[in-house]
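Basis for what follows: all heavy atoms, side chains included, without hydrogens, waters or symmetry-related copies. Order of listing sets the numbers, starting from 1, for every ligand and every atom in it.
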Amino acid sequence: MSAMSPVRLQATEAADQPTVTPALERLYRGFEEELLVPLWTEIGDLMPVNPRSRAVPHRWEWGSLLRLAEQAGEIVPVGRGGERRAIALANPSLGGRPFATPTLWAAIQYLMPGEDAPEHRHTQHAFRFVVEGSGVWTVVGGDPVPMNRGDFLPQAGWNWHAHHNATEQPMAWIDGLDIPLQYLTEAQFFEPGRDELSHAERTTPERSRSERLWGHPGLRPLGAPAPSPGSPLLSYKWEFTDRALTDQLALEEQGYGGTVEPGHAAVRYANPHDGSDVLPTIRAELHRVVRGAETAPVRETGSSVYQVFDGSGVVTVGDHSWSVTRGDLFVVPSWEPLSVRSEAGATDSDSGALDLFRFSDAPVFAALHLHRTQKDS
Ligand code: GTQ
Ligand code: FE2
């Protein structure tokens, strides 16, 4: 019975559609009854000439996120079941789902003084990035890893992890995961861990075991076991990222090149074992645009989420444009052109550059041979 069929076919008068006749209407009712859909009514949507994202460009202001996270800290306990006090960015055109883009989850997570987020593991690949504050140790596979401003902490799927605020201050940070992508795969697993961490796991070392083993530039430890999927280095400290960008810009200044474009330095967080992306499904980068510089518009397949780490400026994504400052987050949907201009904000007094943390789903697109970039200038 066609009245019960979820298939709905509308005969339309259009140059590329068959002439609407009673015979065509009967054919379409026949398709509906048999749950059939012809290509000719769908091709523009299914096989577009250029990528078209369901997501839209959007910006979230850090001040608003932080204020709400602080309120959640006062009234929402953290523990088993909910597992994390994490509040996700919901792209306005993705149906109210907690998806920043069709593939990426981005959330602010908040831990009160002395609180523990319980141990668990899941197939989703994850990372933390710290835009301000300190005091939380994330314990990955029994290794307590400190989290400080500017640190990037990847954590590949199926590793046990818990978070522990060892200080008297609350702390906020951002999480990025491939939750929307894995939702589509229907291949996720999740397992709760122990209710309490051991005494050794509640210590607060300055450097994790993973950093001591893997955190030396260009030096691979010979005795270390083959790393799990994703990077064996559990923290990329700001000190090294900052120095890499500073050196890159100084080399450019001296005429040696090395930057992406004039006034725009960038680095990718890489697996120290083989130079690949830090996570199977997520790429992460830090971009520095010097005061007064503007980047050329670039389109890229796949989607990205950015967080302003430092400085201020104006970001243009397709036909959206926003002023941004420290902590603000914005999304760049697939194939939308992005350009950024670094300029002093009203509240900035420093003469620094605009530093942008970026994460994307690029490794997935690269693996599928779908990764393309295009300069629009
Ligand atoms: O910290 O383990 O934002 O499992 C979402 C899912 C954070 C986490 C999130 C998670 C976590
Ligand atoms: Fe988790």
Side-chain angles (χ1 to χ4, degrees), residues 60 62 65-66 68-70 72-73 76-91 94 97-101 103-112 115-131 133-148 151-166 170-185 187-197 201 208 210 228-231 234-235 278-282 284 305 307 327 329 331 357 359 361:
W60 289 260
W62 181 243
L65 296 184
L66 195 58
L68 290 163
E70 283 163 0
V76 181
V78 65
R80 280 283 169 236
E83 302 288 311
R84 298 291 185 262
R85 192 186 289 111
I87 307 154
L89 309 184
N91 192 287
L94 296 178
R97 301 291 293 157
F99 300 164
T101 79
T103 53
L104 298 169
W105 165 282
I108 180 171
Q109 185 167 163
Y110 199 78
L111 265 192
M112 296 295 277
E115 269 185 339
D116 286 339
E119 187 182 56
H120 67 203
R121 64 177 174 175
H122 39 72
T123 48
Q124 288 85 357
H125 304 292
F127 72 81
R128 334 269 156 222
F129 181 73
V130 184
V131 74
S134 58
V136 169
W137 272 252
T138 184
V139 184
V140 181
D143 189 8
V145 193
M147 294 170 62
N148 294 293
D151 296 348
F152 168 76
L153 302 96
Q155 177 225 295
W158 214 236
N159 284 295
W160 292 110
H161 57 285
H163 316 308
H164 165 55
N165 187 341
M171 182 178 167
W173 67 90
I174 65 158
D175 301 310
L177 289 91
D178 59 2
I179 290 174
L181 176 77
Q182 292 215 16
Y183 190 78
L184 194 67
T185 67
Q188 313 103 308
F189 291 90
F190 181 98
E191 197 179 346
R194 300 159 301 163
D195 285 332
E196 301 281 336
L197 296 174
E201 289 165 316
S208 59
S210 100
S228 70
S231 176
L234 297 178
S235 177
V278 279
L279 294 166
T281 54
I282 296 177
V305 180
Q307 185 176 34
L329 292 126
V331 294
F357 171 74
F359 70 102
D361 50 15

Over 12 non-hydrogen atoms of neighbours within 6.0 angstrom of CD in E191 =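 Count over threshold, so yes.
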Please name the atom of H122, restricted to N, O or S, that is closest to the Fe ion (ligand 2).
->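 Considering only N, O and S atoms, H122 comes nearest to the Fe ion (ligand 2) through NE2.
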Protein contact of [atom] - nearest heavy atom, named by residue and atom, plus distance:
{"atom": "atom 7 (C) of ligand 1", "answer": "D175 OD2, 3.3 Å"}
{"atom": "atom 8 (C) of ligand 1", "answer": "R84 NE, 2.9 Å"}
{"atom": "atom 1 (O) of ligand 1", "answer": "H163 NE2, 2.7 Å"}
{"atom": "atom 6 (C) of ligand 1", "answer": "L177 CD2, 3.9 Å"}

Of all the atoms in ligand 1, which lie at a distance below 4.0 Å from a heavy atom belonging to A107?
->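 What qualifies from ligand 1 is 3 (O).
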H120 heavy atoms, cut-off 4.0 Å: which ligand 1 atoms fall inside?
->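 Close to H120: 2 (O), 4 (O).
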Ring centroid separation for W105 and H125, is it under 6.0 angstrom?
->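 No, they do not, as the ring centres are separated by 6.0 Å or more.
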Between F129 and F357, is the gap from one ring center to the other below 6.0 Å?
->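 Under 6.0 Å, so yes.
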For the atom pair CZ (F127) and CD (Q155), what is the distance rounded to the nearest 0.5 Å?
->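 With rounding to 0.5 Å, CZ (F127) is 11.0 Å from CD (Q155).
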So is Q124 close enough to ligand 1, meaning a heavy atom under 4.0 angstrom away?
->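 Contact absent.
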Minimum-distance pair of heavy atoms, taken over all atoms of W62 and I174 |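 In terms of heavy atoms, the two residues are closest at CZ3-CG2, 4.0 Å.
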Output yes when D195 and R80 qualify as a salt bridge under the 4.0 Å nitrogen-oxygen rule, no when they do not.
->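 R80 and D195: salt-bridged.
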Residues L234, L153; criterion side-chain contact (heavy atoms from CB on, under 4.5 Å); working and verdict = CA-CA 5 Å; L234 297 178; L153 302 96; 5.9 Å; no
Angle at the Fe ion (ligand 2): provide the value between NE2 of H120 and NE2 of H161, rounding to 10 degrees.
->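 Rounded to 10°, it measures 90°.
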